[in-house]
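These notes are about the structure you will find just below.
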Amino acid sequence: MARKQLLKAINRVSILNVIKSHGPIARTDIAERTGLSPATVTGLTAELIEDGLVQIKQEGDSRGGRRPILLALDSRGAYVVGIKLAEEHATLALTDLNAEVVTRRTVQLGERDPEHVSHLLADSVRGLLRAAGINQGHLLGVGVGLAGIIDPQTGLCRVSPHNGWRDVPFAKLLEDELGCIVYLDNNVNTLTRIEQLYGVGQHVRDFLVITIGRGIGMGIVANGQVYRGAHGGGGEFGHMVIDPDGLVCGCGNQGCLETFVAEPWLLHRARERGLDVAEADDLIAAAQAGNAVALEVLAGAGRVLGQAMASVVNLLNPRLIIISGEGVRAGDFMFAPMREAAYRHMFAQLAEDVEIRIEPLSDDTWARGAASLVLGKLFSLPELEPSLG
Ligand SMILES: [Zn+2]
């Protein structure tokens with residue numbers, strides 16, 4: 001990108017971020033916060049208004065003199081679709097620019113041929129737009145999150161265990177079907193992005209998102225950027241080795257963190273000790289009823305998780321850890337022992353820096369996270385990571 005264009009893109013994004021974070025806001029205040037000249041702010045805000053991203057909200061207080069015109073994000077000026085590809089089904093959510101869900105649907109995936117899946121999803125996206133009465137011209141793009149190793153730069157799905165895909169250019173397939181931009185990322189990174197853009201991770205430069213459910217995942221934000229590693233495979237917290245002689249994990253190694261904390265393994269451990277449980281809710285109900293095996297299985301998982309977290313805190317010194325995912329239902333049965341173990345094993349100084357928050361996950365969160373892949377591009381620069389305005 002030519003230097004002049006790049007400067008313009010930087011200025012436009014920094015103005016948009018100030019309007020998102022501080023709107024309704026007067027142009028003079030935008031100039032002050034961004035350090036840009038009033039003429040630059042006037043020119044670029046006119047463009048943003050024309051693009052439908054910013055609207056004139058209201059007039060400010062009058063204390064004599066001219067009333068300033070205030071600008072705000074036009075959250076319904078454009079839309080995005082977020083898709084979470086799960087094992088059996090996909091959840092789609094149409095959201096506005098604030099990542100608020102306008103409408104949603106779930107589709108069963110059936111066969112996993114990539115062409116079939118992209119065709120099915122494209123049909124569903126069009127159906128969603130029709131149901132909401134939104135013209136496809138107002139769709140900024142589509143974000144897709146799925147488990148596996150993803151290269152978000154190229155939209156290549158390197159490995160997707162659920163789908164049996166290897167090196168599938170899935171973003172390109174769906175783009176060809178839909179004729180709009182499609183971004184692809186690991187689903188834990190999509191949750192991390194929504195926390196960073198709209199959630200408790202806003203304005204936090206260093207934080208972790210740990211997801212607990214059928215597997216254990218980790219999103220890492222370091223110095224304001226999602227850390228992905230050399231080829232998008234970073235953050236495999238679930239496969240940190242806890243016991244080299246332990247149970248054989250799905251990845252083929254022994255004694256990974258998942259074999260202590262992930263739901264299928266909790267059930268396995270409870271059954272081994274004679275407790276008849278079919279699913280995680282049964283285990284939680286047994287703990288609520290005071291069953292000693294259920295209580296010990298959940299507490300034991302919490303202690304191991306806390307120890308592993310302490311190692312990561314000592315390594316990365318995050319300011320905030322967000323624990324999310326379906327597994328947060330276990331509540332204090334797991335997370336009280338987890339906190340205790342985590343803080344006990346952290347370096348004292350680092351423990352003072354870090355806050356641990358448990359965030360319940362709604363059905364929409366994963367799909368909103370996928371939508372934030374597109375929204376994130378709107379509020380950040382090409383090839384650069386988001387401004388933390
Ligand atoms: Zn493993």
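Predicted, not measured: the structure shown is a model, and the values here were computed from it. No hydrogens, no waters, no symmetry mates; every other heavy atom, side chains included, goes into these values. Residues take their numbers from the sequence shown, with the count starting at 1. Note that ligands are numbered from 1 as they come in the structure, with each ligand's atoms numbered from 1 the same way.
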salt_bridge(Asp29, Arg33) N-O dist < 4.0 Å: no

Only distances under 3.5 Å count here; give the side-chain donor-acceptor pairs of residues 285-303 to other protein atoms, sequence neighbours excluded, each with its distance to 0.1 Å.
unit_1	atom_1	unit_2	atom_2	d
Asn291	OD1	Val293	N	2.9
Asn291	OD1	Ala294	N	2.9
Glu296	OE2	Arg303	NH2	2.6

For the student: nearest non-hydrogen atoms of Leu174 and Val144, plus distance: CD2-CG2, 3.9 Å

Short side-chain to backbone donor-acceptor contact, Asn11 and Leu44, under 3.5 Å: no

Within 6.0 Å of CZ in Arg214, more than 12 heavy atoms from elsewhere: no

Other residues, nucleotides, ligands: >12 heavy atoms within 6.0 Å of Ile134 CD1: yes

Protein N/O/S neighbour count - the Zn ion (ligand 1), strictly under 2.8 Å: 4

